[in-house]
Number of protein chains: 2
Amino acid sequence: MTLEGLDELDKKIIHELQTDARHTSSGTIADAADVSASTVRNRIQRLEQQGLISGYHADVEYESAGYQLYTLIICTAPVPRREELAEAALEVPGVVRVTEVMTGEENVHVSVVGADGDDLSRIGRDLDELGLEVADEDLIRNEHVDAFDGFDADCEDRS
Amino acid sequence: MTLEGLDELDKKIIHELQTDARHTSSGTIADAADVSASTVRNRIQRLEQQGLISGYHADVEYESAGYQLYTLIICTAPVPRREELAEAALEVPGVVRVTEVMTGEENVHVSVVGADGDDLSRIGRDLDELGLEVADEDLIRNEHVDAFDGFDADCEDRS
DNA sequence: TATGAAAGGTTGAACCC
DNA sequence: GGGTTCAACCTTTCATA
């Protein structure tokens, strides 16, 4: 079954780019899928234009870079302003991700990077000044990411 | 000031790769930094080997791909088993990110992708069977990511 | 560690089916 | 839609300082 017009080739492309966006060439995917490299290039271009792939980025280990305080700040926003505040939070220096959740009090989760307590104090203050109430603040011990297996053709069966 | 031996060139490289890991060539960075392309390539290789850059991946808009249920599942793990369970959770089909937080009851945050309620039920059951107690479950309305500005040479001043 | 040069792979664009 | 061609670009490898 294809979702939203995504066929197996699209899914394979997404899966490969999710796994390694920089060292995977169109030709490699093309060989594995038995199509030409330009077909893969056309598909990638389409996926980017449709916004299905919204970007590519390097995963950085902040601790190794000397930023010991990779931290999750959980905030509460008034629902009508949630989206606006989430976007504003992204502009605060040190903020690397903002997740808006639908329900509950703690509806904006902000991931931030800091080198010391002063950084965190400033970020907390900045968020507060925007109108985000800081409900909780926790050091992130570890973060693991993985490509979504739903796009992996070799892993279709899910109980 | 350089952190952990990272100089301005390293930081610039990381920033560029965080912004667009696929369409940024060594040559482009080299021109902007007034060094040779080979130097940039050597640095990138070093950053990858040191584990400072741990990977590159495509950002996928799951909703556009037909997976309407991009969801945050907040779990509680016994502290001694937290890391082990977090890694195990990553293997559950549909799980795309696991964040371990240091303190508090809700110390494992799991981001999952599902097409329907059945997917979510299964994922919840799988996490539970691992030994992760599901404390809360929330639809993710939106997720914004941004490159860390601490690596951006044009943005060093932070109040 | 930074640089430069040559060979081979990769990309994007225009074009054809 | 998919495929071909080709010029421009990129990367790899190795040699050099």
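Below, chain A is the first sequence line, B the second, and so on; all start at residue 1.
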Discussion item. Just to be sure I understand the geometry, which residues of residues 27-47 of chain B put a non-hydrogen atom under 4.0 Å away from DNA chain C?
Written reply: B:Val35, B:Ser36, B:Ser38, B:Thr39, B:Asn42, B:Arg43

Worksheet item: Does anyone know the first and last nucleotide of DNA chain C in reach of chain A, 5' to 3', at under 4.0 angstrom to a heavy atom?
Response: C:dT10 to C:dA13

Fill in: Donor-acceptor pair, side chain of A:Ser38 and main chain of A:Arg41, under 3.5 angstrom
no

Worksheet item: side-chain hydrogen bond (donor to acceptor under 3.5 Å, both in side chains) with B:Ser121: which residues, sequence neighbours excluded?
Response: none

Practice prompt. Test A:Ile13 against every option in A:Thr24, A:Thr39, A:Leu6, A:Leu47 by the side chain to side chain contact (heavy atoms under 4.5 Å, CB included) rule and name the one that passes.
Written response: A:Leu47

Fill in: Relative orientation of the end axes in the helix from C:dT1-D:dA17 to C:dC17-D:dG1, expressed as an angle to the nearest 10° (five pairs per end)
30°

Item to complete: State which residues pass side-chain contact (heavy atoms from CB on, under 4.5 Å) with A:Ala21; sequence neighbours excluded, sorted by chain then number.
Response: A:Tyr56, B:Tyr56

Practice prompt. Using modelled atom types only, decide if a donor and an acceptor are shared between the side chain of A:Arg97 and the backbone of A:Leu90 within a distance under 3.5 Å.
Written response: no

Worksheet item: Would B:Tyr70 and A:Phe148 satisfy ring-ring contact (aromatic ring centres under 6.0 Å, His included), going step by step from the backbone distance to the final call?
Response: CA-CA 11 Å; B:Tyr70 185 33; A:Phe148 175 49; 9.3 Å; no

Discussion item. Please check: side-chain N/O of B:Ser64 versus main-chain N/O of B:Tyr62, any donor-acceptor pairing under 3.5 Å?
Written reply: no

Worksheet item: Out of A:Asp20, A:Asp59, A:Asp146, which one pairs with B:His57 under the side-chain hydrogen bond (donor to acceptor under 3.5 Å, both in side chains) rule?
Response: A:Asp59

Worksheet item: chain B on DNA chain D: first and last contacting nucleotide, 5' to 3', under 4.0 Å to a heavy atom?
Response: D:dC10 to D:dT12

